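Let me begin by presenting the structure, written as structure tokens, before commenting on it.
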Amino acid sequence: MRVDAVTLFPGMIDSPLSESIVGRARAEGFLELGFSNPRDYAEDRHRTVDDKPYGGGTGMVMMAEPLYKAIRKVRKKNSFVILLTPKGRRFDQSLALALAKKKHLIFICGHYEGIDERVTPLADLELSIGDYVLTGGEPAAVAVIDAVTRLIPGVLKKGDATVNETFTGGLLEAPHYTRPGVWRGRKVPEALLSGNHKRIAEWRRERAEELTVKSRPDLAPAEKKKKKALK
Ligand code: SAM
């Protein structure tokens, strides 16, 4: 997959996505990450990319023309253009799965007070990573690119790593344990040591349901919520 970020601060994306699994995915060619900087298309000798908002108010707004040219530089016929904004559709795992099937994603990262509204129609999707306001779209791009990259077939070495995990099966994932079997007096649940695959699967299912009802009742199956309410 090819991903381009339209950003004034490419290092804020390039650096975190050079580490760990996504860094390896880039090195192995699963993810090709590029950048297009609106500052390269500024029209004055100060390389200005922002200006005061019409109508007054605090902060600066990213100007339309440098942004437009930076997008045009990387946009192709099959590109899917995503504008990062706290006003957009909330990002979730089902959207990550859909985006992982695209050939080319372009992320437009706003900064300061945001971008000139007239650029918005260039986007196929307005996307938010949650109900809070970041200083810029770059950390949002990192979160989305990370979540999407690990779903590209071949990026995670164990095929089923993304199958049973949180959100994918509709439940939060059951807790994990590793060695030692007893840590500071706390034991690993007996079912996990039993070697009995059916029992382990049942234990995981029960813990996943319990955890979902407790932490994310909005995701829990209706009958499980009722049981909890009756207890
Ligand atoms: N003035 C804007 C508002 O109130 O909606 C907020 C602008 S924010 C300080 C600057 C940029 O950060 C935005 O243009 C957007 O690209 C990015 N951003 C901030 N919060 C975000 C979020 N929750 N999800 C995605 N992008 C976000």
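Atoms within each ligand, like the ligands themselves, are counted from 1 in listed order. Being a predicted model, the structure only gives us computed values, none of them experimental.
If you number the atoms of ligand 1 from 1 as listed, the ones under 4.0 Å from a heavy atom of Gly114 come out as 14 (O). Close contacts between ligand 1 and Val133 involve ligand atoms 6 (C), 8 (S), 9 (C), 20 (N) [criterion: under 4.0 Å to a heavy atom]. Counting the atoms of ligand 1 from 1 in the order shown, those under 4.0 Å from a heavy atom of Lys87 are 5 (O). Near Ala140, meaning under 4.0 Å from one of its heavy atoms, ligand 1 places the atoms 25 (C), 26 (N). Near Gly137, the atoms of ligand 1 lying under 4.0 angstrom from a non-hydrogen atom of the residue are 12 (O), 16 (O), 17 (C).
Nearest protein neighbour of atom 3 (C) of ligand 1, counting heavy atoms only, is Pro86 CG, 4.3 Å. Nearest protein heavy-atom contact of atom 10 (C) of ligand 1 is Tyr112 O, 3.3 Å. Looking only at protein heavy atoms, the nearest one to atom 24 (N) of ligand 1 is Ile129 N, 3.1 Å. Among protein heavy atoms, atom 26 (N) of ligand 1 sits closest to Thr85 N, 3.4 Å. Nearest to atom 1 (N) of ligand 1 among the protein's heavy atoms is Glu113 O, 3.0 Å.
Relative to atom 12 (O) of ligand 1, the option among Gly136, Ala141, Pro139 with the closest non-hydrogen atom is Gly136.
Counting all heavy atoms, side chain and backbone alike, Gly195 lies closest to Ile200 at N-CD1, 4.2 Å. Here the shortest heavy-atom pairing between Asn37 and Pro10 reads ND2-CD, 4.0 Å. Nearest heavy-atom pair, Pro16 versus Gly11, reported as atom, atom and distance to 0.1 Å: CD-O, 3.8 Å. Summarising the geometry of Met12 relative to Pro139, their closest heavy-atom pair is CE-CD, 4.1 Å, with the distance given to 0.1 Å.
The residue Leu83 has no part lying near ligand 1, judged by heavy-atom distances below 4.0 Å.
Inclusion of Tyr132 in the set of residues having an N or O under 3.5 Å from an N or O of ligand 1 is warranted. Any N or O atom pair closer than 3.5 Å counts here, and Leu134 shares at least one such pair with ligand 1. Every N/O-N/O distance between Ile115 and ligand 1 stays at or above 3.5 Å. By the 3.5 Å distance cut-off applied to N or O atoms, Leu84 is counted among the residues near ligand 1. Ligand 1 has no nitrogen or oxygen under 3.5 angstrom from a nitrogen or oxygen of Ile108.
Residue Leu127 places a heavy atom less than 4.0 Å from ligand 1. Residue contacts with ligand 1 leave out Phe91, since none of its heavy atoms falls under 4.0 Å from the ligand.
At most 12 heavy atoms of other shown residues, nucleotides or ligands fall within 6.0 angstrom of atom NZ in Lys87. At most 12 heavy atoms of other shown residues, nucleotides or ligands fall within 6.0 angstrom of atom OH in Tyr68. Counting heavy atoms of neighbouring residues, nucleotides and ligands inside a 6.0 Å radius, atom CZ of Arg90 does not exceed 12 of them. Surrounding CD of Glu28 are more than 12 heavy atoms belonging to other residues, nucleotides or ligands, all under 6.0 Å away. Atom CZ of Arg205 has 12 or fewer neighbouring heavy atoms from other residues, nucleotides or ligands inside a 6.0 Å radius.
Using a 4.0 Å cut-off between charged nitrogen and carboxylate oxygen, Arg207 and Glu210 count as a salt-bridge pair. Salt bridge annotation for Glu43-Lys69: present, with a cationic side-chain nitrogen under 4.0 angstrom from a carboxylate oxygen. Using a cut-off of 4.0 Å between Lys/Arg side-chain N and Asp/Glu carboxylate O, Arg118 and Glu65 are scored as not salt-bridged.
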